Amino acid sequence: MPELPEVETVRRCLAAAVCGRRIVSCEVRHPDVVRNLEPALLEEVLRNNRFTGFRRRGKYLLGDLESGHVLVVHLGMTGRLFVVETPCELAPHTHLIMELEGGAELRFQDVRRFGGLYLLTGPLDHSIPGLAAMGPEPLDPGLTEEHWCRYLEGRRGNLKARLLDQRLVAGIGNIYADEILFACGISPQRDLASLNRVERIRLHRQMRRILTEAIDDGGSSIRDYVDGRGQPGGFQNRHRVYGRKGQACTVCGRPLSGCRISGRSTVFCEHCQR
DNA sequence: ACAATTACCTGTATGC
DNA sequence: TGCATACAGGTAATTG
């Protein structure tokens, strides 16, 4: 599931693979994935345009275009955005194709269509729900330990639910919430307000460590995720709790517990996470 | 102001 | 073999 590390990996791939290459043509094959404008208009804007850079905000990928427009992509659950240098047969659920100079194609594929694309006319992002109210970037160098502790002051609610809330902090989804909390040795069932200073600092440190390591590994590929070149990531091999319910805790050897929080399956170690 | 639930989707795995 | 059901968990809207 594309969370911050997966989107960041795609961003890096695309920055290297498609920046500066002219878009020869664009075809929207399923209009539903184009969210805030007419598909024909999007095709028109992209044609003869080119990406000058790619940015990321939380789980959103922002493609800066030469025209000044910004193409915003959210991969949802099963979305894939990748370049094929020598176009092969279209995979099912390919909803948008950008043909690049030289014959390569940038394709958006999404089985469940929870993902989608938006076009912004300016640099501001208030038109996209979610982007406007998004919390701080967990890897922002400016988000120091001190800032983080102060930021959490006065906030409460189920800890894992809050980590999944993009308004608190950007880019964390179900996989990394569980992995981060395990690394912290803190139970997902705790209330955010109950964390003492040491625990808040641990959360800051482990959140940044896990996300950074996952990016270094190219993200987690469970079922659908591939990077901007169509390749799977490697961090799924280093998951210590996600998808391991009932298996032995890598620290204490006891079977990992499962529960549901905010409607999401949650795996944790009752012994190691307090 | 928060939490829980549901809708949106479809492929995959399971049970009978 | 078929069919029904549960599950995956991204965001947004709704309800409590």
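Every value quoted in this text rests on a predicted model; they were computed, and no experiment measured them.
Between the side chains of A:E66 and A:T52, no donor-acceptor pair is found at a separation under 3.5 Å. With no hydrogens or angles considered, a side-chain donor-acceptor pair links A:T250 and A:R240 at under 3.5 Å. Judged by distance alone, the side chains of A:R190 and A:S194 do bring a donor and an acceptor atom under 3.5 Å apart. Side-chain contact check for A:D110 and A:T78: at least one donor-acceptor pair (N or O, by modelled atom type) lies under 3.5 Å.
A distance of about 16 Å separates the P atoms of B:dC9 and C:dT14, rounded to the whole Å. Rounded to the nearest Å, the gap between the P atom of C:dA6 and that of B:dT6 is 13 Å.
A:R167 comes within contact range of no nucleotide atom at all, as no heavy-atom separation falls under 4.0 Å. At a threshold of 4.0 angstrom between heavy atoms, the contacts of A:T78 with the nucleic acid are absent. If you check every strand for non-hydrogen atoms under 4.0 Å, A:R113 touches sugar and phosphate atoms only. Looking at heavy-atom distances under 4.0 Å, A:R260 makes contact with sugar-phosphate atoms alone, never a base.
One interatomic measurement links the two molecules: CG of A:L164 to P of C:dG10, which rounds to 7 Å at whole-angstrom precision. Rounded to whole Å, atom C1' of B:dC8 lies 11 Å from atom CG of A:D32. Atom CZ of A:R80 and atom C1' of B:dG11 are 12 Å apart (whole Å). The separation between A:L163 atom CG and C:dG10 atom P is 12 Å, rounded to whole Å. The nearest whole Å value for the distance from the CZ atom in A:R156 to the C1' atom in B:dA1 is 7 Å. For the pair A:M77 CE and C:dG10 C1', the computed distance is 6 Å after rounding to whole Å. Whole-Å rounding puts the A:I128 CD1 to C:dT11 C1' distance at 13 Å. If you take CG of A:D178 and P of C:dG10, they are 10 Å apart, rounded to a whole angstrom.
Of the candidate nucleotides C:dA8, B:dA3, C:dG10, C:dG10 has the atom lying nearest to any side-chain atom of A:K59. Across C:dG10, B:dT10, C:dA12, the shortest atom-to-atom separation from the side chain of A:V111 is found for B:dT10. In this structure, the nucleotide among B:dG11, B:dA3, C:dG10 sitting nearest to the side chain of A:R162 is B:dA3. Out of C:dG10, C:dA8, C:dT11, the shortest distance to the side chain of A:Y60 is found at C:dT11. Between C:dA12, B:dA3, B:dC9, one nucleotide has an atom nearer to the side chain of A:N158 than all others, and that is B:dA3.
Of the residues in residues 218-245 of chain A, those placing a heavy atom less than 4.0 Å from an atom of DNA chain C are A:R223, A:Y242, in numerical order.
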(message) Checking A:R12 against A:E6 for the salt bridge (Lys or Arg N to Asp or Glu O under 4.0 Å) test, could you report, in this order, the C-alpha distance in whole Å, the side-chain angles of both residues, the deciding distance, and whether it holds?
(response) CA-CA 10 Å; A:R12 292 178 183 187; A:E6 290 75 31; over 6 Å; no

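A:F108 contributes atom CZ, which lies 12.5 Å from atom CD1 of A:I97 (distance to the nearest 0.5 angstrom).
A salt bridge does not link A:R21 with A:E101: every distance from a Lys NZ or Arg NE/NH1/NH2 to an Asp or Glu carboxylate oxygen is 4.0 Å or more. A salt bridge between A:D178 and A:K160 is present, with a side-chain N of the basic residue lying under 4.0 Å from a carboxylate O of the acidic one.
Put simply, A:R264 has a side-chain N or O that comes within less than 4.0 Å of OP1 or OP2 on C:dG10. Taking side-chain N and O atoms only, A:H93 has a distance below 4.0 Å to OP1 or OP2 of B:dG11.
Residues A:G154 and A:G263 each lie close to DNA chain B; by heavy-atom proximity, the contact nearer the 5' end of the strand is made by A:G154.
With a cut-off of 3.5 Å on both Watson-Crick or G-U wobble distances, the partner of C:dG2 is given as B:dC16.
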